[in-house]
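Input: a single structure, listed below in structure tokens.
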Protein chains: 2
Amino acid sequence: MSEKILYIFLLLMSSSSALLAQNERRDDAFLIKDIYDEALSKGEAYDWLRVLTKDVGPRLAGSPGAAAAVTYMRQIIDTLGFDTVYLQPCIAPRWERGEPAVGRIVNNDLIGSQDIRVIALGNSVGTGEAGVTAEIIEVTSLDTLEQLGPEVLSGKIVFFNRPMDPRQLNTFAAYSGAVDQRVFGANEAGKYGAVAALVRSMTPGLDDVPHTGTMAYSEGARRIPGLALSTNDADKLSALLKKGSVRVHLKSQCRNLPPVETYNVIAEVTGSTYPDEIILVGGHLDSWDIGEGAHDDGSGCVQSMQVWPLLQALDYRPQRTLRCVLFMNEENGLAGGRAYWDASNTAGEFHLMAMESDRGGFSPRGFTAEATEEVFADYMRKLTTWLPLVEPYGLSFSSGGSGADIGGLKSQGGLLMGLQPDTQRYFDYHHTSADRLEAVNQRELLLGAAAMTSLVYLIDKYGLR
Amino acid sequence: MSEKILYIFLLLMSSSSALLAQNERRDDAFLIKDIYDEALSKGEAYDWLRVLTKDVGPRLAGSPGAAAAVTYMRQIIDTLGFDTVYLQPCIAPRWERGEPAVGRIVNNDLIGSQDIRVIALGNSVGTGEAGVTAEIIEVTSLDTLEQLGPEVLSGKIVFFNRPMDPRQLNTFAAYSGAVDQRVFGANEAGKYGAVAALVRSMTPGLDDVPHTGTMAYSEGARRIPGLALSTNDADKLSALLKKGSVRVHLKSQCRNLPPVETYNVIAEVTGSTYPDEIILVGGHLDSWDIGEGAHDDGSGCVQSMQVWPLLQALDYRPQRTLRCVLFMNEENGLAGGRAYWDASNTAGEFHLMAMESDRGGFSPRGFTAEATEEVFADYMRKLTTWLPLVEPYGLSFSSGGSGADIGGLKSQGGLLMGLQPDTQRYFDYHHTSADRLEAVNQRELLLGAAAMTSLVYLIDKYGLR
């Protein structure tokens, strides 16, 4: 075909809807490329994360750090060109760790006395001034407790030592398979007269850093202290137990104070055409009281904050209402998430899509998606049509949980999503003093923000039906 | 269809080649799963990397560290069940850095005198005891030098300040677009009478760590010193130059000593059926003289060493000859690579596939592949049939360069490949003191080894036609 004939052919074709769709697809590809270019060359998420991790630092809900996080992040968000920025109150529990916990193997026949690296679990009661000193009973599942019964467990420290399965490709799956020990271990062991629960840290690797995290007591339960110990020390303790009985001394000072009012930080751009269809991006503003909460979940906060500035830089004005929410108290109570979805459900709002980023600021691999049964297949079909646009960025869509803070929006019938980054390194840092800014790579963080922005753009432009 | 009829149907079908192929595909999927399970639960690559980075440390070719690396890694390889382990001699240059280089802005009108963080480039001559002190001329490309000419450049220090393009998704593409300044900058500036070249470090980010790397003088060129400075200091220097002239003092002590004999470490398992078809996996044993060469390229070495132990653990005996090669002197001369391919080509060997891992021990994303034009399409077609087996592990195949040490094998007509990990963090560490064991995640490293092993298994079992 000569160039001239080709030109005429294209001219004739240009009225066809197929070519229009093709042109639109090409425009989308260019716009997504622009989003990535803008994010990687001018994205500010890492600078905001520096403020949150270094100027604010640890920010457990109810603490002065959390209050500072609300103030500092709101100040930044106020400069980002949203139509509205406001605080949504919620009542968070206030748990304090006190002095760092102490763990020590005492008067052992083989090794004498030696410190072990422990940390109190969130929500745990303290041991009291004297601490507890008792014989260790090692188990690898909660079920074992019933078999052992109070004859064996009464007066003992129960040592939960089932490791995260390293063979799971997705470390979050391995976490799900082990975290019952941390959440329920103390509560269950307390029923059989144990005096404390000591839990192997939730990480698939071997290191010296104990990992905290939330635990829970059931209503009216006998409350015994729960602590985690480092995986290296868990292996050491287990090896020692194979040679004879081991006594351990534990001391922690944690306590609960009266709940305090705190806030979700919310920023909004009203949609030009469908203002009642909300597209939400969010992370949680609180962190554990150790480390800097850089991956968990400072990253998710600043990535969510980055979405609107990126769209603005490309002169894109959303048809639907775009809302950025920094949730409070995800780690130990979910007060912020509940306050948000209670208010939203009561007001009869409709979140067409809500996405949480709470799996760390690592290289993005795609998105998980969930919805009610009636609509899920339709939404997935729509997402799948966009695969050619996101695959060049290493992204895909899969069925899976979205995020703790947005779960209560599911009944609205919209799509709930989670940013899915590479999971290999997450549990090197999770809930430890090592979760610091230095553990976050600026490019990986910005790529996650670009991925979120690209999907927000597509959903805003085309809807989900 | 009732279950009984389905059963009979399947029974009848079971003789068909389609079902056989399907069963075989299922067996392959199980075996690859076993490879990953074994790697993630029992892989030793990280322990070997600890020896190489902590017990040996820096190991520039020709240095005592490189000799120690040969000895230590050979000792480990001798325990891994290979049929043969041997050293292949090669002659490497011996370049020494001497005391760390000094850089200082001197007597500036605005800021007085201030240190800047610099490092001598590999192969560079030193400045001499007195150092050089001269005015800075900033350029962003080698081409600019000719326009400026000796009138402007004579007696000056040329400052090459074109950054790596942060918008490139693949940081190696950004590296390729900037590294000409480091490799040829001093050589070109020397032609116009400059007294030294100062090059912006090869990293897309901003930090305080200068990155070394190789540079080259052409035959008979006037040799002036080449140094790199940190990206933060490059930005500072550039900003200062916008306000007026800047003089800088540089001092480096590098020198060249007589070349020394050193070695590639080679280990081999003879193929049971096609012993003359070689499948090679390798990395380079040498590193720069700073840091620990953990990502570059300790990771590639220990991943390559891991392949045969993983296959052995699953009782897989290769049909083709499997060879693991740790190459010497990739960083500043390629003496090991040349010695290997010269010997191999002379002996008329045939490498059906040779794969190098030299892009860091990060989460694997796939493999690059190259070959001569006559065979490339066929090989890619074969690889593509295996996509369903490797995609569950996040892997794909793409056309692209393999590795510097195996390039000379291309004429044998086999397939050359490179392990392709996530590239985002590589240049945070590349050629700096920060390239230490702690920068490598054990799971990411082992996943790379499992990916390599899976592909070696498929190619060994099915060939490439």
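Convention: sequence-line order gives letters A, B, ...; per-chain numbering from 1.
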**Item:** Most chain B-contacting option - heavy-atom pairs closer than 4.5 Å, from A:Glu444, A:Arg365, A:Gln442
**Value:** A:Arg365

**Request:** Report the distance from atom CD of B:Glu292 to atom CG of B:Asp55, rounding to the nearest 0.5 Å.
**Result:** 10.0 Å

**Item:** Donor-acceptor contact present, side-chain A:His211 to main-chain A:His430, <3.5 Å
**Value:** yes

**Message:** Please classify the contact of A:Pro204 with chain B as side chain, backbone, both or neither, using a heavy-atom distance under 4.5 Å.
**Reply:** side chain

**Prompt:** Out of A:Asp165, A:Asn441, A:Asp428, A:Thr171, which one racks up the most heavy-atom pairs below 4.5 Å with chain B?
**Reply:** A:Asn441

**Request:** Keeping the roles fixed (side chain from A:Glu38, backbone from A:Ile35), state whether a donor-acceptor pair exists under 3.5 Å.
**Result:** no

**Prompt:** What part of A:Asp37 is in contact with chain B, defined as an atom under 4.5 angstrom from a non-hydrogen atom: side chain, backbone, both or neither?
**Reply:** both

**Asked** Which bit of A:Leu447 comes within less than 4.5 Å of chain B, counting heavy atoms only: side chain, backbone, both or neither?
**Response** side chain

**Request:** Report yes or no: does A:Arg436 contribute a side-chain atom to a donor-acceptor pair with the main-chain N or O of A:Thr53 at less than 3.5 Å?
**Result:** no

**Asked** Does A:Gln181 use its side chain to pair, donor to acceptor, with the backbone of A:Arg162 at less than 3.5 Å?
**Response** yes

